[in-house]
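Both backbone and side-chain heavy atoms feed into the values below; hydrogens, waters and symmetry mates do not. As the structure lists them, so they are numbered: ligands from 1, and atoms in each ligand from 1.
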Amino acid sequence: MISHPNLIVGIERSEDAGVYKLTEKLAIIQTLDFFTPIVDDPYEFGQIAATNSLSDVYAKGGTPITAMNIVCFPIKTMDVMILREILRGGLDKMREAGVVLVGGHSVDDNELKYGLSVTGIIHPKKVVMNNGAKPGDKLIFTKKLGTGIISTGIKKGAVKKSTIKKATRSMTTLNKTASEVMMAVGVHACTDVTGFGFLGHAAEMLTDTDNGMVIESAKVPFFPEVRTLAESGFLPGGLYRNRDFRKKMVKFSPDVPEYLTNLLFDPQTSGGLLIAVAKNKASRLIDAMHNAGVSDAAIVGEVVNKPKGKILVR
Ligand code: CO
Ligand code: CO
């Protein structure tokens, strides 16, 4: 166990980022993410990777301020122009976020990977934990699900250009606005939905709490094209791992269609924020999200006191 009087969030629990108090009014948020390409266009991949890396700071309610590039690149076999485009995509997203690139590191590697190490700031008392939800809270989710299934379909050439475009637009949308609206309204808990899928990250929100959850599967936003892709078997390996890992915690009503049971475990890249907010603030938060342009934001379920530690999907 690692503890320190100034440590607000450390590595003990599965939180989105580390948080360390510098003064009574200032804490730093630190996070690191990088991965292999999930779209063909290098500029778009750079944008997606940067947007994804910045997301963990937004999930804590913080403001990202600086970032560093992490690059693995097969310099002997790949055109260096590809790397330039990736870095340009990343830099454009950092600019949009108001983040300053301060350095980075690259290594020669057979498999291309890119991401950022990000530092953000926040008032130490305003940090939004992923497990702060209270029974009765409404659960709000801010982006469409299905990017893992779509990326799997892309690799097999089974996805239409228009669908790729929609998914890319979602993955390159910063969670900045959603986070700012969330902080203005005030919420109990937040995480961003990424590799463990919607239900995997929902399950993390129950860690060290006495809470359970009810998810209304019909209300969870997703890309409509995903249904056919899922039913045609374009399911990423991570989806099965996510389901195996959490299946004991999750109970599906028999009337939930199979493609939705898969979709809810689909690993997301640069997914939306999953937020727990007091019931009496939920519609205000949704309205504020929609007014600010976070148009997919929807109430998708609620936090309950029993059954404890379980997620019921109906
Ligand atoms: Co996260
Ligand atoms: Co992360």
Side-chain angles (χ1 to χ4, degrees), residues 8-20 27-36 38 47-64 67 70 90 93-94 97 99 113-122 126-133 139-148 151 170-180 182-183 187-209 213 220 236 238-239 241-242 245-246 264-276 294 297 300 311:
I8 299 173
V9 180
I11 62 169
E12 270 73 51
R13 270 191 31 247
S14 36
E15 264 288 0
D16 295 289
V19 186
Y20 185 93
I28 51 166
I29 304 174
Q30 291 179 289
T31 173
L32 162 64
D33 257 295
F34 66 128
F35 50 78
T36 55
I38 52 158
Q47 287 192 308
I48 292 168
T51 305
N52 178 71
S53 300
L54 291 161
S55 179
D56 281 327
V57 175
Y58 293 129
K60 296 300 101 215
T63 306
I70 304 132
K93 277 296 149 186
M94 287 181 248
V99 165
K113 300 173 198 83
Y114 173 63
L116 301 178
S117 161
V118 184
T119 300
I121 51 171
I122 191 166
K126 292 195 171 154
V127 182
V128 181
M129 302 291 184
N130 67 356
N131 72 341
L139 290 165
I140 285 172
F141 186 53
T142 67
K143 281 190 186 181
K144 290 190 177 86
L145 282 182
T147 58
S151 322
S170 171
M171 291 187 284
T172 57
T173 299
L174 295 171
N175 281 327
K176 180 176 192 283
T177 307
S179 176
E180 286 167 356
M182 157 179 105
M183 295 309 279
V187 303
H188 290 154
C190 178
T191 192
D192 58 337
V193 172
T194 52
F196 296 128
F198 179 92
L199 288 172
H201 290 279
E204 286 184 340
M205 294 179 88
L206 300 179
T207 323
D208 297 335
T209 75
M213 281 180 186
V220 179
L239 186 153
R241 286 192 292 277
N242 290 342
F245 184 48
R246 292 297 188 184
L264 289 167
F265 281 115
D266 184 37
Q268 301 300 285
T269 299
S270 192
L273 300 182
L274 180 57
I275 299 167
V294 187
V300 296
I311 303 174

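Within Asp192, OD1 is the N, O or S atom that lies nearest to the Co ion (ligand 1). Nearest N/O/S atom of Asp56 relative to the Co ion (ligand 1): this is OD1. No other N/O/S atom of Asp16 lies as close to the Co ion (ligand 1) as OD1 does.
In this structure, the side chains of Asp192 and Gln268 stay at 4.5 Å or more apart for every pair of heavy atoms. In this structure the side chain of Met183 reaches within 4.5 angstrom of the side chain of Val128, judged on heavy atoms.
For Lys93, the side chain to side chain donor-acceptor pair (under 3.5 Å) test picks out Glu96, with sequence neighbours left out. Every residue meeting the salt bridge (charged side-chain N to carboxylate O under 4.0 Å, His left out) condition with Lys60, not counting sequence neighbours, appears here in chain and number order: Glu15, Asp16.
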